[in-house]
Amino acid sequence: MLQTAVAALLNPSCLLVLLQGTRDPLFLTGVTFPSEYPIYEETKIKLTVYDVKDKSHDTVRTSVLPEHKDPPPEVGRSFLGYASFKVGELLKSKEQLLALSLRTSDGGKVVGTIEVSVVKMGEIENGEADHITTDVQGQKCALVCEYTAPESVSGKDNLPFLNSVLKNPVCKLYRFPTSDNKWMRIREQMSESILSFHIPKELISLHIKEDLCRNQEIKELGELSPHWDNLRKNVLTHCDQMVNMYQDILTELSKETGSSFKSSSSKGEKTLEFVPVNLHLQRMQVHSPHLKDALYDVITVGAPAAHFQGFKNGGLRKLLHRFETERRNTGYQFIYYSPENTAKAKEVLSNINQLQPLIATHADLLLNSASQHSPDSLKNSLKMLSEKTELFVHAFKDQLVRSALLALYTARPGGILKKPPSPKSSTEKSSPQDQPPLIRRQDSIPHHSDYDEEEWDRVWANVGKSLNCIIAMVDKLIERDGGSEGSGGNNDGEKEPSLADAIPSHPREDWYEQLYPLILTLKDCMGEVVNRAKQSLTFVLLQELAYSLPQCLMLTLRRDIVFSQALAGLVCGFIIKLQTSLYDPGFLQQLHTVGLIVQYEGLLSTYSDEIGMLEDMAVGISDLKKVAFKIIEAKSNDVLPVITGRREHYVVEVKLPARMFESLPLQIKEGQLLHVYPVLFNVGINEQQTLAERFGDVSLQESINQENFELLQEYYKIFMEKMPPDYISHFQEQNDLKGLLENLHQNIQSKKRKNVEIMWLAATICRKLNGIRFTCCKSAKDRTSMSVTLEQCSILRDEHQLHKDFFIRALDCMRSRQTQGALSESDDPETGCLTDNKPTSRHFYPVALLLVSSHLLVVWLILSLALLLAKYQ
């Protein structure tokens, strides 16, 4: 049996392809010449053929030998011959075909023939690459080459947009036979993402701003009783320390240069906690002879987890549950609010901070319209002012605000009751003491059953009354001026009829003077409401921090870390998906009508530390439901995304160049928020999962898969309800989505060991629904690379008619480690020791078999136990 190796040598690039069992080899893998070393017509390519005797010494030199010298003897191989040619000779030859003779090192004896011809794969989406491939005639040597053209060649509008996300691409080319003996051509690309560091820095800046604002609001709570005042001081001390920690991390991240991703060897570094591990795009472009060209993207990333914090006590899923249980049952002197009420308080505070300046702005615009004596402008300004003020008033209708005011009242030193409570109308909500689930008070905190709630009602109602006075005045002024009747309605029908009659007639030039005191009254009333509501809801947030201060803040930190890693991957995936589907009207309609499904494929085991990683990952991916996207037009060359919002709700603003932005539907261009639906399906596949299934517990994986199946099913229902029938029929023709969902549900319920069918079905459903695909394991290396390459070859087989005899061969090509030449240990991307200009390529490397035979494992355990017993006997 002959093992043949062909090396294409071009210093400093090298390709080594190893083939066994043939004297007439067919090589399927290509060589990539990076952008730092572009190919020109003068470029010389050398092909060297070896007969490899020992695979353990299958590396070759990466430098071209002088023509007059024999290659030195190499262990495990014998030199057969070489051939060389210039790129220009190939391009200018007749029919772009060269017949090259393999010669010995002295150039004398001919030992074989290689035919090289040019085959065009098709235009790459960014226009950066041409392809030079060899043809195969009578099973002659087939070789695929790629080179990157100079930057001046590419001038497409989406290039800056892509460069804002991707960096350091590593490309490979293949040619595989189809079932009808044609050739399909595959371009595989892996790229780093600049967003690995950009998104965490944006997010940490938001956290610092939010926490500083919260700390200031806690300081401005006013005078509190000694118990609550001491508690406040303690909370502020710890919160200030946390803000300083975030600021230090942000400073350290800003110093990071060089590689645009975090290697697996750095996942335990404190300063890089917020950065995702090995975030990359894995892209496969397929050019088939009879089928439409296709593009398949998978985002690969290490499981979002707080590695530096450790997993001794579990991950977020367990820690959060334990924390809430202890808070609910504790005897500590504080007021318990449920997580839902705490989140509601944050939401109301956020709405207040947004609406108050908007109302002030619209009030000033109303005065400006009055000074210009413009009836139409006056009516428009009044309409906007009315809408925003009604939203403002509506924000305080929640019972939480009332209970929070009572709680804050009890915390004031020596609170004095003004009057006994008055009977409540049927429309008023019950008092806090009638709803014990909302608030739970310890015996040391006094309960004022006769607390005067009418005072808050009066303050709150004064805002609506002030608005009604403004509406009545505007109506009177416009009516006197001869304008149209009515000016935008009233506030919930509460406008008093006597208001309009009580306003005397005024000359036209007095519009501004007549409206100014009313606007001033509205602002004063609104300021009083904001002051009271802010203090009461801030007091609610104080309770969240009051219990177990270090634990509470460390949980917040851990959740921020995990969410940051998950969000960086999501933003990267969203931008890439948007770019690839920008001119697909159906996708854009789905984007703003339904939203995008985001499917995460987890390969973590339910054993040891990976249980904590899975618990972290489940919470981090679930938290992505808080994220919405907004597409805006880029006003400069800076197209990096911007994040706004707070911990309970984030908006990611994605910038598009002008020409790309103009192709979007009107709803998206007007700023409609675009939502995502993240789902996670996890199946452990390594030897640790075998131990977990035989001797441990897999209930965590089962519950996660079941919960996320329900989320996926809910998305499918929304999709079927909101999308037009003709678009839905297109999906049904491709595959029965309902049948796929039923099959997925059956596999989840079956509780079969290492049921990889779950991953395949979930990935298929995601692709059919135009979703974003993620594959994750501990470090996004071994298990991830095995899964991605298997998925790619399965797609080629099922969707592009890959010849059945070449499935394993294609899989081996994609997993081959030596396709880019001999790598030294220091250059191995899996060790995280890459130089800045040499990007990682972990998906192209082989790994040991991941699945361990259960029978061999049992035998090993029995023998180990026997040896252990013999030792102690």
Side-chain angles (χ1 to χ4, degrees), residues 164-165 192-215 239 242-256 260-262 266-267 269-279 299 301-309 316 343 346-347 350 353 553-575 598 600 616-617 619-630 632 638-655 673-676 678 772 774 776:
S164 70
V165 181
E192 303 169 10
S193 175
I194 298 175
L195 301 181
S196 292
F197 285 85
H198 173 74
I199 295 299
K201 288 189 286 188
E202 285 273 309
L203 206 54
I204 294 173
S205 299
L206 271 184
H207 293 332
I208 293 173
K209 182 179 178 181
E210 178 183 351
D211 291 348
L212 286 174
C213 181
R214 179 202 59 198
N215 293 353
C239 289
M242 187 63 65
V243 170
N244 292 335
M245 181 190 301
Y246 278 62
Q247 290 173 335
D248 292 341
I249 293 175
L250 182 60
T251 302
E252 292 300 319
L253 282 180
S254 301
K255 297 177 182 178
E256 290 291 332
S260 57
F261 74 99
K262 183 174 81 172
S266 303
K267 61 177 174 283
E269 292 186 16
K270 180 175 176 58
T271 56
L272 300 179
E273 282 185 294
F274 287 80
V275 181
V277 177
N278 275 335
L279 175 61
I299 306 297
V301 63
H307 293 279
F308 179 80
Q309 307 293 328
L316 277 173
K346 294 177 182 178
E347 179 183 353
S350 177
N353 293 331
L553 292 179
M554 291 308 295
L555 274 178
T556 301
L557 172 63
R558 189 183 191 102
R559 199 165 189 172
D560 288 345
I561 290 169
V562 174
F563 179 76
S564 173
Q565 297 177 22
L567 182 62
L570 175 64
V571 176
C572 177
F574 181 88
I575 291 177
V598 183
Y600 288 80
D616 275 357
M617 183 180 181
V619 174
I621 291 174
S622 177
D623 284 348
L624 293 177
K625 291 183 288 188
K626 306 173 184 177
V627 180
F629 288 85
K630 182 179 179 181
I632 61 176
D638 180 13
V639 292
L640 287 175
V642 176
I643 306 177
T644 59
R646 52 187 171 81
R647 280 187 175 90
E648 301 302 322
H649 178 67
Y650 294 97
V651 176
V652 180
E653 295 182 351
V654 177
K655 304 176 185 178
L673 294 182
L674 311 173
H675 299 280
V676 293
I772 306 173
F774 284 81
C776 310

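Hydrogens, waters and symmetry mates are skipped; everything else that's a heavy atom, side chains included, is used. Along the sequence shown, residues carry numbers from 1.
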Open item on the list: So, taking the atom named NZ in K346 and the one named OG in S350, what distance separates them when rounded to the nearest 0.5 Å?
Closed with: 11.5 Å
TODO: Determine yes or no for a side-chain-to-main-chain donor-acceptor pair under 3.5 angstrom, with D616 supplying the side chain and L316 the backbone.
DONE: yes
Task: Sidechain-backbone polar pair: S266 side chain, K262 backbone, donor-acceptor under 3.5 Å - done: no
Open item on the list: I'd like to know if R646 pairs up with E210 as an ion pair, taking the criterion as any Lys NZ or Arg NE/NH1/NH2 lying under 4.0 Å from an Asp or Glu carboxylate oxygen.
Closed with: no
Open item on the list: Would you say that more than 12 heavy atoms from the other residues, nucleotides or ligands in this model lie under 6.0 Å from the NZ of K630, or not?
Closed with: no
Task: CD1-SG distance between I208 and C213, expressed to the nearest 0.5 angstrom - done: 14.0 Å
Open item on the list: Is it the case that the side chain of D638 and the backbone of L640 share a donor-acceptor pair, with hydrogens and angles ignored and the cut-off at 3.5 Å?
Closed with: yes
Open item on the list: Counting C-beta onward and ignoring hydrogens, is there a side-chain heavy-atom pair between V562 and V619 closer than 4.5 Å?
Closed with: no
TODO: Supply the atom-to-atom distance K255 NZ to T271 OG1, rounded to the nearest 0.5 angstrom.
DONE: 10.0 Å
Task: Point-to-point distance, once rounded to the nearest 0.5 Å, from CD1 of I561 to CG of L272 - done: 11.0 Å
Task: side chain to side chain contact (heavy atoms under 4.5 Å, CB included) between L253 and V275, worked out - done: CA-CA 9 Å; L253 282 180; V275 181; 3.7 Å; yes
Open item on the list: Return the NZ to CD1 distance between K655 and I575, rounded to the nearest 0.5 Å.
Closed with: 10.5 Å
- [ ] Apply side chain to side chain contact (heavy atoms under 4.5 Å, CB included) to the pair E648 and K626, showing each step before the final yes or no.
- [x] CA-CA 6 Å; E648 301 302 322; K626 306 173 184 177; 4.2 Å; yes
Open item on the list: Given 3.5 Å as the limit, does a donor-acceptor pair link the side chain of S193 with the main chain of L279, or not?
Closed with: no
TODO: Test ring pair (Phe, Tyr, Trp, His ring centres under 6.0 Å) on Y650 and F629 and set out the steps.
DONE: CA-CA 8 Å; Y650 294 97; F629 288 85; over 10 Å; no
TODO: Classify the angle between the aromatic ring planes of F274 and Y246 as parallel (below 30°), tilted (30 to 60°) or perpendicular (above 60°).
DONE: perpendicular
Open item on the list: For a quick test of reading the model, state the closest non-hydrogen atom pair linking P276 to V301 and the distance between them.
Closed with: CB-CG2, 3.8 Å
Open item on the list: Under a 3.5 Å distance rule, please check whether S205 uses its side chain to pair with a backbone N or O of K201 as donor and acceptor.
Closed with: yes
- [ ] Can you establish whether the number of heavy atoms outside K270 located under 6.0 Å from its atom NZ is more than 12?
- [x] yes
Open item on the list: Testing the 3.5 Å rule here: is there a donor-acceptor pair between the side chains of E273 and Q565?
Closed with: no
Open item on the list: Let's go through Q247 and V243 carefully: what are the C-alpha distance in whole Å and the side-chain angles of both, what is the deciding distance for side chain to side chain contact (heavy atoms under 4.5 Å, CB included) to 0.1 Å, and is it a yes or a no?
Closed with: CA-CA 6 Å; Q247 290 173 335; V243 170; 3.8 Å; yes
Task: Beyond-backbone contact of V651 with H649, side-chain heavy atoms, under 4.5 angstrom - done: yes
Task: OG-CD1 distance between S260 and I194, expressed to the nearest 0.5 angstrom - done: 6.5 Å
Task: Side chains of I249 and I204 in contact at under 4.5 Å (non-hydrogen atoms) - done: yes
Task: Closest contact, heavy atoms only, V571 versus P641 - done: CG1-CG, 3.9 Å
Open item on the list: Ignoring hydrogens, what is the shortest heavy-atom contact between L673 and A628? Give both atom names and the distance.
Closed with: CB-CB, 4.1 Å
Task: Any donor-acceptor pair under 3.5 Å from H307 side chain to E269 backbone - done: no
- [ ] Kindly say whether V642 contributes a backbone atom to a donor-acceptor pair with the side chain of E202 at under 3.5 angstrom?
- [x] no
Task: Taking every non-hydrogen atom, the tightest pair across F774 and G569 - done: CZ-O, 3.1 Å
- [ ] With side chain to side chain contact (heavy atoms under 4.5 Å, CB included) as the test, would you mind laying out the steps for F563 and L624 before giving the verdict?
- [x] CA-CA 7 Å; F563 179 76; L624 293 177; 3.8 Å; yes
Open item on the list: Is any side-chain heavy atom of M245 closer than 4.5 Å to one of L557?
Closed with: yes
Open item on the list: So Q309 and M554, do their side chains get closer than 4.5 Å, heavy atoms only?
Closed with: yes
Task: Cationic N near anionic O, under 4.0 Å, R647 to D560 - done: yes
